[in-house]
Amino acid sequence: MRRKDRELSQEEALVIIKNTKMAVLSMISREGLPYATPISPAYIDGKIYFHSSSSEDGVKKSSLINNGNVILTYVGYNENDLEYLPQLSVNYVSAMVKGKASLVSDGDKKKTLTVKLSETQFPMAEKKSIEEVYDSAHKFIDLWEIEISEITGKGRNKHLYFK
């Protein structure tokens with residue numbers, strides 16, 4: 001990292017990952033072109049999970065099957081503050097995850113983890129309701145697992161986020 005003064009610790013980067021509801025998943029398409037899409041991931045037991053459509057003709061699915069190497073980018077805080085206007089810079093914290101995505105094919109594991117993923121995204125929902133939705137829609141849902149190889153984080157005025 002070029003700006004060592006902005007580097008976050010692994011613990012700080014994990015806080016961003018665990019508390020940020022959206023991230024951008026970047027990969028290489030089958031055509032060899034960069035492809036990025038927003039997702040709603042969840043950090044569960046040291047791995048990252050996200051769902052997608054099970055459609056065979058989607059760019060995300062074909063790209064991940066062809067080459068599972070991914071980068072996931074989280075922006076946990078981004079704000080322009082008048083106090084810092086003379087510097088023309090933005091206060092932020094972010095985390096990046098490098099890893100390998102693979103399709104979860106075991107049915108029981110897929111259900112258990114999809115329910116956990118849904119519980120992180122919809123904490124107000126009852127588990128029974130989530131399971132009912134899953135049971136009626138699981139054929140149309142793919143669950144992806146990212147095996148993490150590297151986590152980095154960066155921030156400017158991180159104290160504004162880590163209060």
Side-chain angles (χ1 to χ4, degrees), residues 8 10-79 92-155 158 160-163:
L8 301 182
Q10 289 284 300
E11 294 77 22
E12 290 169 326
L14 273 174
V15 168
I16 296 165
I17 290 165
K18 291 176 181 179
N19 292 297
T20 304
K21 299 292 185 195
M22 299 295 293
V24 176
L25 178 70
S26 301
M27 65 204 86
I28 301 297
S29 73
R30 292 181 80 92
E31 295 78 25
L33 300 171
Y35 179 76
T37 187
I39 61 168
S40 50
Y43 181 86
I44 302 169
D45 300 329
K47 296 181 181 178
I48 295 174
Y49 295 90
F50 65 95
H51 75 282
S52 68
S53 166
S54 62
S55 172
E56 294 298 325
D57 59 353
V59 175
K60 184 181 352 174
K61 184 172 186 171
S62 67
S63 299
L64 292 174
I65 288 172
N66 186 57
N67 180 349
N69 293 314
V70 297
I71 293 179
L72 199 52
T73 305
Y74 298 79
V75 178
Y77 175 83
N78 178 358
E79 182 174 290
Y92 68 92
V93 292
S94 63
M96 290 182 66
V97 173
K98 290 182 183 178
K100 183 91 169 173
S102 60
L103 190 60
V104 176
S105 56
D106 176 86
D108 292 337
K109 181 179 179 181
K110 178 182 171 184
K111 180 175 183 173
T112 299
L113 290 166
T114 302
V115 169
K116 283 185 178 182
L117 171 74
S118 298
E119 287 174 331
T120 67
Q121 297 296 325
F122 302 98
M124 72 296 282
E126 294 180 14
K127 186 174 183 173
K128 182 179 179 197
S129 298
I130 292 171
E131 289 175 339
E132 288 171 357
V133 170
Y134 177 84
D135 289 340
S136 67
H138 72 276
K139 295 176 195 149
F140 309 106
I141 299 170
D142 279 342
L143 182 69
W144 296 88
E145 175 182 272
I146 298 176
E147 184 76 38
I148 299 169
S149 60
E150 182 181 4
I151 296 174
T152 59
K154 189 175 177 182
K158 69 180 184 177
L160 298 171
Y161 181 80
F162 297 106
K163 294 179 185 181

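Throughout, residue positions are numbered sequentially from 1 according to the sequence presented.
Of the possible polar contacts, none joining the K158 side chain to the V93 backbone as a donor-acceptor pair under 3.5 Å is found. Using a distance-only test at 3.5 Å, with no hydrogens or angles considered, a donor-acceptor pair links the side chain of S62 to the main chain of V59. Side-chain atoms of E131 never come within 3.5 Å of backbone atoms of V115 as a donor-acceptor pair (strictly under, hydrogens ignored). The closest donor-acceptor contact from the side chain of T114 to the backbone of K111 lies at 3.5 Å or more, if one exists at all. Judged by distance alone, with hydrogens and angles left aside, the side-chain atoms of E147 form no donor-acceptor pair with the main-chain N or O of I48 at under 3.5 Å.
Annotation: the span from F50 atom CZ to T37 atom OG1 amounts to 9.5 Å, rounded to 0.5 Å. A distance of 12.0 Å separates CG of L117 from NZ of K110, quoted to the nearest 0.5 Å. In this structure, the separation between CD1 on I39 and NZ on K60 is 6.5 Å, given to the nearest 0.5 Å. Rounding to the nearest 0.5 Å gives a distance of 9.5 Å between CG of L14 and OH of Y74. To the nearest 0.5 angstrom, Q121 atom CD is 10.5 Å from I130 atom CD1. Taken from CD1 in I16 to OG1 in T73, the straight-line distance is 11.5 Å, to the nearest 0.5 Å.
D106 meets the side chain to side chain contact (heavy atoms under 4.5 Å, CB included) test with D108, K109; sequence neighbours excluded.
By the 4.5 Å heavy-atom criterion applied to side chains, Y161 and L8 are not counted as neighbours. Residues K47 and I146 have side chains not in contact (no heavy-atom distance under 4.5 Å, counting atoms from C-beta outward). Residues L103 and W144 have side chains in contact (heavy-atom distance under 4.5 Å, counting atoms from C-beta outward). No side-chain heavy atom of N67 sits under 4.5 Å from any side-chain heavy atom of M27. N69 is not listed as a side-chain neighbour of I28, based on a closest heavy-atom distance of 4.5 Å or more. Between H51 and S40 the shortest side-chain heavy-atom distance falls below 4.5 Å.
The shortest heavy-atom contact between A95 and I17 is CB-CG1, 3.9 Å. The minimum heavy-atom distance between S54 and D142, with the atom names listed, is CA-OD2, 3.3 Å. Annotation for A36 and S26: closest pair CB-OG, 3.7 Å, computed over non-hydrogen atoms.
A 6.0 Å sphere centred on CZ of F162 holds more than 12 heavy atoms belonging to other residues, nucleotides or ligands. Within 6.0 Å of atom NZ in K21, more than 12 heavy atoms from other residues, nucleotides or ligands are found, so the atom counts as buried in its surroundings.
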